[in-house]
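First up is the structure itself, then whatever we jot down about it.
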Amino acid sequence: MSQILNIRRVAGALGAELSGVDLSAALPDETVAAIRQALVEHQVIFFRDQALTPAQQTAFGARFGPLNIHPYVAGMAGQPEVMEIIKEPSDKINFGGGWHSDMSFLETPAIGSILYAVELPEWGGDTLFASQAAAFEALSPGLQKTLEGLNAVHSASREYSAQGHSAQKRGAMKVAEADGYVGEYVHPMVLVHPETGRKALYVNPAFTLRIEGWKTRESKALLDYLFEHCRYEAFTCRFAWRKGSVAFWDNRSVWHFALNDYPGQRRHMRRVTVDPWPTTGKASIAAE
Ligand code: SIN
């Protein structure tokens with residue numbers, strides 16, 4: 001395959017399919033820069049007909065930042081940054097089966113996720129994506145301004161604590177139950193994208209617990225409104241996987257939802273998750 005990128009948008013709010021690139025190859029810097037540009041512009045990008053070993057997927061992901069090791073889901077043996085997302089025919093619950101933004105429960109959330117389809121059900125198992133930039137832009141200037149001054153508290157407790165949805169409930173995945181207090185982290189409710197300057201809502205139903213400094217009732221009312229608003233169909237696109245497909249989404253401006261509509265069938269994906277580059281701080285100029 002040549003390294004010439006062709007880009008075809010797939011929906012009005014977000015999403016584009018890129019062709020003409022082999023992600024298993026050692027890509028030149030210009031190709032990586034073009035992929036990065038497409039990612040931040042289209043928010044989620046798709047590739048077809050790829051053949052990636054876990055090591056090749058890791059190498060591709062590492063071109064965009066350090067790779068995350070999930071604190072609660074075990075990675076592959078010897079390659080802890082590769083997470084196997086598997087639903088066996090006997091499993092009832094799937095991983096990612098609700099709107100969310102990956103890792104917003106961390107102090108430094110992941111910037112991107114790269115998911116590769118290894119084995120798919122005969123039908124079903126699509127993934128939905130929703131642009132949180134489009135969701136923000138559709139709000140009134142008054143509400144936008146209010147939200148820009150607010151922070152929200154995120155935590156993994158709903159998913160990964162003993163009472164959470166995830167822990168121990170998916171037979172096929174090695175999901176650890178978070179011991180005791182899983183930690184709470186505060187993030188702005190509106191993120192300004194560091195590469196495009198575009199603003200996006202940054203709250204999600206899986207991991208956002210409350211608005212900082214607000215009473216529970218007040219917080220719930222506004223968050224419930226936003227969670228409803230943010231998944232409006234005009235902000236979404238839907239990806240129908242084929243074996244070898246790859247989706248790469250920008251967690252700073254995109255929610256996603258893995259549909260659980262293929263009972264009795266197997267689905268096997270592999271994900272690497274890209275962390276931000278560590279900030280190095282300002283170089284100090286030594287006094288003479
Ligand atoms: C995820 O939430 O990362 C999983 C998405 C999917 O399996 O489609």
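Computed from a predicted structure; not experimentally measured.
- For the pairing with Phe239, the ring pair (Phe, Tyr, Trp, His ring centres under 6.0 Å) check across Phe129, Phe46, Phe47, Phe257 returns one residue only, Phe46.
- Evaluation of the ring-ring contact (aromatic ring centres under 6.0 Å, His included) rule for Phe136 yields no partner, not counting sequence neighbours.
- Ion pairing between Lys243 and Asp49 fails under the 4.0 Å rule for side-chain N and carboxylate O.
- Remark: Glu218 pairs with no residue by the salt bridge (charged side-chain N to carboxylate O under 4.0 Å, His left out) rule, at least two apart or across chains.
- Using a 3.5 Å distance cut-off with no hydrogens or angles, the side chains of His100 and Asp102 do pair a donor with an acceptor.
- Judged by distance alone, the side chain of Ser155 and the main-chain N or O of Gly183 form a donor-acceptor pair under 3.5 Å.
- Counted by atom type alone, Asn260 and Lys92 present zero donor-acceptor pairs between their side chains at under 3.5 Å.
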* **side chain to side chain donor-acceptor pair (under 3.5 Å) assessment of Glu184 paired with His154** => CA-CA 6 Å; Glu184 294 185 343; His154 297 238; over 6 Å; no
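- Side-chain N/O atoms of His256 and Trp99 include no donor and acceptor closer than 3.5 Å.
- Counting only distance, with no hydrogens or angles, the side chain of Arg9 and the backbone of Gly12 share a donor-acceptor pair below 3.5 Å.
- Counting only N and O atoms by type, the side chains of Asp275 and Thr108 include no donor and acceptor under 3.5 Å apart.
- A donor-acceptor pair shorter than 3.5 Å cannot be found between the side chains of Asp250 and His42.
- A salt bridge links Arg266 and Glu119; the closest N-O separation between the charged side-chain nitrogens and carboxylate oxygens is under 4.0 Å.
- Ring geometry, Phe60 versus Phe248: the interplanar angle exceeds 60°, so the pair is classed perpendicular (tilted spans 30 to 60°).
- Within a 6.0 Å radius of CD in Glu195, other residues, nucleotides and ligands contribute more than 12 heavy atoms.
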